[in-house]
Enquirer: 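Take this structure, written in C-alpha cells, and hold onto it; I'll ask about it next.
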Protein chains: 2
Amino acid sequence: MCHRCDYETLLEENGLNAGRNRMRVLEVIGDNEGPVSATEIHRRLIRSDPINRVTVYRILDLLVENGIVERISGEGRSFYYGLAANENHRPHPHFYCRRCGGVQCLSPGSLTVDSEPLLQTFSGRVETVAVRVVGICAHCTTSVQGKIS
Amino acid sequence: MCHRCDYETLLEENGLNAGRNRMRVLEVIGDNEGPVSATEIHRRLIRSDPINRVTVYRILDLLVENGIVERISGEGRSFYYGLAANENHRPHPHFYCRRCGGVQCLSPGSLTVDSEPLLQTFSGRVETVAVRVVGICAHCTTSVQGKIS
DNA sequence: TTCTTCTTGCAACTTAGTTGCATTCGGTGT
DNA sequence: ACACCGAATGCAACTAAGTTGCAAGAAGAA
C-alpha cells in the first residue's frame, strides 16, 4: 500500500524504537494492497525468518495503540490491519468479499457520507463513520472454480 | 425491536416450520432493541428453559440463510444478530460502542450515502453498503464507573 | 404403529486471540 | 570486561466463539 512511508521515522515519532520485527510487520502491512489479517502477517513473516505468533499479536496491538496501524473487523471472526490514515493516506472505505473473506481498500472519493443528521441527534460520542461495502470481489466473480458441485 | 412482525408466518413463508426454539430465538432477537450476540441469545434462553448453545447457533445459521435474520459483525470477535430488513424494517446504520462492545440501531435517515461513484467504477459485485458508526455510547460516556484505577 | 425426516444434545475440535512466566537481547553505567 | 535493567521474544497454557460428527429424541406421514 505504501512506499512513501518511512516506517522507521513513523515508529520513532511515536517513541517506539524501530526494532527488526516491528519493521517487518509494518512492511508486510504496508506492502499489501488492502488490510491483512494477523494470521496472514504471521504466515508471511515466518517464510523469511521465524517469529512467534504471539510476538506478531503484541506488535500489532502496539502499533494500533499508537495509531500507526488501523484495526478493522472483517466479515468473519478475525481482525484486519492496514496503515492508519495519515498525511499520505486519506481515510477510505473498504470492500469485503463474502466469498473469499478478503478485504480491499476503495478509493477515498468513491463514497460520500452525510453524517450531519446523526451528529445533531446522537447522544453518545461519535468517533468514526466507516462505510463497509459487502459483495463478491472481481476475482471471485470470474473464477467460479473452487465450488465442489 | 418488533411487535409488528408475526414470527410464525415469517418462518412459514420461508418453508420453515415454526418450532418452539426457533420462535424463542426470534423473540429474543426481535424484542431486543439492537442486534444481540449469539452468546447473549443463549444466555437469555436458558433462563426460561434449557437449550444447547449449538442449537442456538444452528437456528441462527438457518435464519440467516433464509434472510429472516441479519448477521452483522461487531467490533469484537463475535457476530450480532438482528431482524433482517423487510417491509416493517428499513435498512439502517449501526452504532458500535468501543467501550462496552454493544451495538445499537440508528434511525434509517440519520446517515445518507452516495454510492454512485463506486457502483460505476467497481469491478466486483456490490451487494450491500453499510455504514458503521464507532464511538462511545451514551451509557458508557456518563457512567465512568468500571474503571479500576 | 412403523417409517422417515427434522430437531436437538453432547463431546470433541478449530480458529483467533490472550495471559503468565521465563529467557534473551540491547543498551547504560562502572 | 562486568554487572544490571528494561524492553522484546518465545513457549505453553488458556479463553471465547463458533463448528462438526454422531447419536438420540420428537414429530409428521404412511
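Lettering follows sequence order; numbering is per chain, from 1.
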Enquirer: Could you tell me how far apart A:L16 (CG) and D:dA8 (P) are, to the nearest whole angstrom?
Expert: 8 Å
Enquirer: How close or far is atom P of D:dG18 from atom CZ of B:R71, stated in whole angstroms?
Expert: 8 Å
Enquirer: Quick one: is D:dG18 close enough that its OP1 or OP2 comes under 4.0 Å of any side-chain N or O from B:Y57?
Expert: yes
Enquirer: Hey, does the side chain of B:N21 come within less than 4.0 Å of C:dT8's phosphate (OP1/OP2), counting only N and O?
Expert: yes
Enquirer: Hey, can you pull the residues of residues 37-52 of chain A with a non-hydrogen atom under 4.0 angstrom from DNA chain C?
Expert: A:A38, A:T39
Enquirer: Without decimals, in angstroms, what is the distance between A:R53 CZ and D:dA8 C1'?
Expert: 18 Å
Enquirer: According to the side chain to side chain donor-acceptor pair (under 3.5 Å) rule, which pairs have a member within residues 34-45 of chain B, sequence neighbours left out?
Expert: B:E40-B:R43, B:E40-B:R44
Enquirer: In this structure, how many angstroms lie between the P atom of D:dG18 and the CD1 atom of B:I59, rounded?
Expert: 15 Å
Enquirer: In whole Å, I'd like the distance from the CZ atom of A:F79 to the C1' atom of D:dA17.
Expert: 12 Å
Enquirer: Can you identify which nucleotide, out of C:dG9, D:dG18, C:dG17, has its nearest atom closest to the B:S78 side chain?
Expert: D:dG18
Enquirer: Would you check, one step at a time, whether the test side-chain hydrogen bond (donor to acceptor under 3.5 Å, both in side chains) holds for B:R99 with B:T141?
Expert: CA-CA 9 Å; B:R99 189 111 62 192; B:T141 41; over 6 Å; no
Enquirer: Under 3.5 Å, sequence neighbours excluded: what are the donor-acceptor pairs made by side chains of residues 122-129 of chain A?
Expert:
from: A:R125; atom 1: NH1; to: A:E127; atom 2: OE2; distance (Å): 3.4
from: A:E127; atom 1: OE1; to: B:R98; atom 2: NE; distance (Å): 2.7
from: A:E127; atom 1: OE1; to: B:R98; atom 2: NH2; distance (Å): 3.2
from: A:E127; atom 1: OE2; to: B:R98; atom 2: NH2; distance (Å): 3.0

Enquirer: Distances under 3.5 Å only, N/O to N/O: pair up the protein atoms with those of nucleotides 28-30 of chain D.
Expert:
none

Enquirer: Nearest whole Å is fine: how far is D:dA7 C1' from A:E12 CD?
Expert: 15 Å
Enquirer: Among all residues two or more places apart in sequence or in another chain, which pass the salt bridge (Lys or Arg N to Asp or Glu O under 4.0 Å) test with B:R90?
Expert: none
Enquirer: Each nucleotide in nucleotides 20-25 of chain D should get exactly one letter: B, S or -. Can you fill that in based on protein heavy atoms under 4.0 Å?
Expert: BB----
Enquirer: Checking B:N86 now: which residues fulfil side-chain contact (heavy atoms from CB on, under 4.5 Å) with it, not counting sequence neighbours?
Expert: B:C5, B:N88, B:H89
Enquirer: Which part of the nucleic acid, if any, lies within reach of B:R20 when heavy atoms closer than 4.0 Å are counted: base, sugar-phosphate only, or nothing?
Expert: nothing
Enquirer: Considering residues at least two apart in sequence or located in another chain, which fulfil the ring-ring contact (aromatic ring centres under 6.0 Å, His included) criterion with A:Y81?
Expert: none
Enquirer: Check the distance between D:dT15's P and A:R77's CZ and give it to me in whole angstrom.
Expert: 19 Å
Enquirer: Please table the atom pairs, donor to acceptor, closer than 3.5 Å between any side-chain atom in residues 104-115 of chain A and protein atoms at least two apart or in another chain.
Expert:
from: A:S110; atom 1: OG; to: A:S107; atom 2: O; distance (Å): 2.7
from: A:D114; atom 1: OD1; to: A:E116; atom 2: N; distance (Å): 3.2

Enquirer: Return yes if a side-chain donor-acceptor contact under 3.5 Å exists between A:R77 and B:S73, otherwise no.
Expert: no
Enquirer: Closest approach to the side chain of B:D61, judged atom by atom: which nucleotide of C:dA16, D:dT19, D:dA7 is it?
Expert: D:dT19
Enquirer: So which residues get pulled into A:V134's cluster when ILVMFWY side chains under 4.5 Å apart are joined, directly or through others?
Expert: A:I72, A:Y80, A:Y96, A:V103
Enquirer: Where do A:I29 and A:V36 come nearest, in terms of heavy atoms and distance?
Expert: CA-CG2, 4.2 Å
Enquirer: Name all pairs fulfilling the side chain to side chain donor-acceptor pair (under 3.5 Å) condition that reach into residues 51-63 of chain A, sequence neighbours left out, sorted by first residue then second.
Expert: A:D61-A:R71
Enquirer: In whole Å, I'd like the distance from the CZ atom of A:R24 to the P atom of D:dA8.
Expert: 16 Å
Enquirer: Going by the rule side-chain contact (heavy atoms from CB on, under 4.5 Å), which residues pair with B:A18 if we only count those two or more places apart in sequence or in a different chain?
Expert: B:E8, B:L11, B:E12, B:M23
